[in-house]
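Just so you know, these numbers use all the heavy atoms, side chains as well, and skip hydrogens, waters and symmetry mates. From a predicted model like this one, the values you see are computed outputs, not experimental measurements. Indexing begins at 1, ligand by ligand and atom by atom, following the structure's order.
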Amino acid sequence: MGVFSYKDIYIEDRRRVLEVNILPEKYCNFDCIFCPIGRSQNKVDTQKSFDEMENSLKELEIIIENTKAELVFINSKGEALINDKIGDIIDLIKDKGLPVRLLSNGYLLGRDEYMKIADKCDEVIGEIKVIKEEDFQKIQRPIEGYTLEEYISNMVSFNKQYNGKFILEITIIKGYNDDEESIQMIKNTIKKISPDKIIVTRIEDEKFKKKLGIADERFKEISNTLLNNW
Ligand code: SF4
């Protein structure tokens with residue numbers, strides 16, 4: 001048996017989507033206070049080798065066949081690019097004739113080695129959460145030396161050369177990026193990154209919803225502003 005884990009297949013735009021986590025435990029270059037997976041014990045941004053990859057790849061192939069998947073979404077416990085077999089995983093899915101969607105927090109997309117890997121995917125999702133440097137350091141707790149400015153410029157560089165569909169997921173967080181000034185800053189950032197699609201979301205995890213979740217009405221207002229003006 002392999003070490004990847006899977007969600008039940010679901011339908012999206014009439015396509016059967018198979019969602020796969022390719023990390024045995026959480027590995028991320030951030031340690032967000034609201035992370036649904038918990039604290040980052042392994043805060044890294046260099047690739048790692050994991051056990052059981054050969055079996056995991058074989059199992060993935062069988063699961064793709066058995067579920068008749070039409071798109072594979074790599075959505076992992078942290079930053080999927082950390083798995084040093086991610087290139088092989090993407091190649092296997094592409095060899096089966098299927099499109100690949102990759103979720104990354106986006107920071108590593110500006111680095112050559114990771115850019116090349118993400119370029120193989122048909123769709124890449126990058127993220128923006130907070131929009132001020134101090135908040136980035138305080139609540140996303142990245143690896144030392146990371147800056148919000150570099151985070152955004154990494155996604156800008158990636159998308160400039162990327163031929164696939166770049167999706168930007170923006171999370172609205174109560175008290176951090178839900179004021180008018182922040183919304184304006186987010187709009188400017190969207191313009192710079194120039195994604196093909198935007199998803200606006202909010203903190204839904206029950207553990208953090210009370211403190212960081214935004215009310216329906218304000219969320220709707222912000223979503224409309226962001227989705228209709230870029
Ligand atoms: S970037 Fe995502 S996976 Fe990583 S710590 Fe933040 S919320 Fe968790």
Side-chain angles (χ1 to χ4, degrees), residues 3-7 19-48 50 73-86 89 101-111 114-115 117-118 121 123-156 158-159 166-178 182 186 189-190 193 195 198-214 219:
V3 294
F4 298 166
S5 54
Y6 299 86
K7 278 197 184 157
E19 220 171 296
V20 56
N21 155 46
I22 62 167
L23 296 172
E25 56 187 307
K26 184 181 175 187
Y27 284 83
C28 196
N29 46 352
F30 295 177
D31 184 14
C32 303
I33 61 165
F34 44 78
C35 182
I37 317 164
R39 293 296 308 268
S40 298
Q41 306 298 343
N42 310 295
K43 198 147 110 181
V44 289
D45 62 2
T46 49
Q47 288 196 314
K48 281 190 64 68
F50 298 106
F73 178 13
I74 302 174
N75 177 9
S76 291
K77 285 183 189 167
E79 179 50 79
L81 291 163
I82 295 303
N83 185 328
D84 70 352
K85 291 291 179 295
I86 188 165
I89 295 165
R101 175 186 298 156
L102 171 69
L103 174 69
S104 164
N105 62 33
Y107 204 100
L108 299 177
L109 294 175
R111 296 192 187 167
Y114 295 120
M115 198 182 263
I117 295 168
C121 299
E123 299 177 14
V124 173
I125 305 177
E127 302 177 325
I128 295 183
K129 289 185 161 87
V130 293
I131 199 70
K132 292 178 187 150
E133 185 66 50
E134 63 195 276
D135 295 337
F136 179 54
Q137 301 298 337
K138 187 176 151 201
I139 72 166
Q140 295 204 261
R141 301 184 295 197
I143 284 179
E144 216 184 315
Y146 278 26
T147 64
L148 182 63
E149 195 185 343
E150 188 179 50
Y151 186 12
I152 292 164
S153 81
N154 282 344
M155 284 191 274
V156 171
F158 172 72
N159 201 26
F166 188 64
I167 302 162
L168 186 63
E169 188 179 290
I170 302 155
T171 307
I172 304 302
I173 305 173
K174 187 165 82 184
Y176 287 95
N177 63 2
D178 58 339
S182 298
I186 294 173
T189 305
I190 295 170
I193 297 175
I198 294 176
I199 297 171
V200 184
T201 183
R202 58 181 162 175
I203 303 281
E204 302 281 7
D205 194 300
E206 287 304 327
K207 291 196 289 289
F208 309 107
K209 211 170 162 178
K210 200 167 166 213
K211 195 159 179 259
L212 303 171
I214 180 159
F219 180 61

Under 2.8 Å from atom 4 (Fe) of ligand 1 - protein N/O/S, by chain and number: Cys28 SG
Closest approach of any protein heavy atom to atom 2 (Fe) of ligand 1, naming residue and atom: Glu127 OE1, 4.4 Å
Distance in Å, Asn177 CG paired with Ile128 CD1, rounded so as to fall on 0.5 Å steps: 9.5 Å
Spacing of CG belonging to Asp45 relative to CD belonging to Glu79, to within rounding of 0.5 Å: 9.5 Å
Tyr107 and Phe136 aromatic ring geometry - parallel, tilted or perpendicular at 30°/60° bounds: parallel
Phe73 and Tyr6: CA distance, side-chain angles, deciding distance, ring-ring contact (aromatic ring centres under 6.0 Å, His included) verdict: CA-CA 10 Å; Phe73 178 13; Tyr6 299 86; over 10 Å; no
Charged N-O contact under 4.0 Å between Asp31 and Arg39: yes
Modelled atom types, side-chain donor and acceptor of Asn21 and Asn75, under 3.5 Å: no
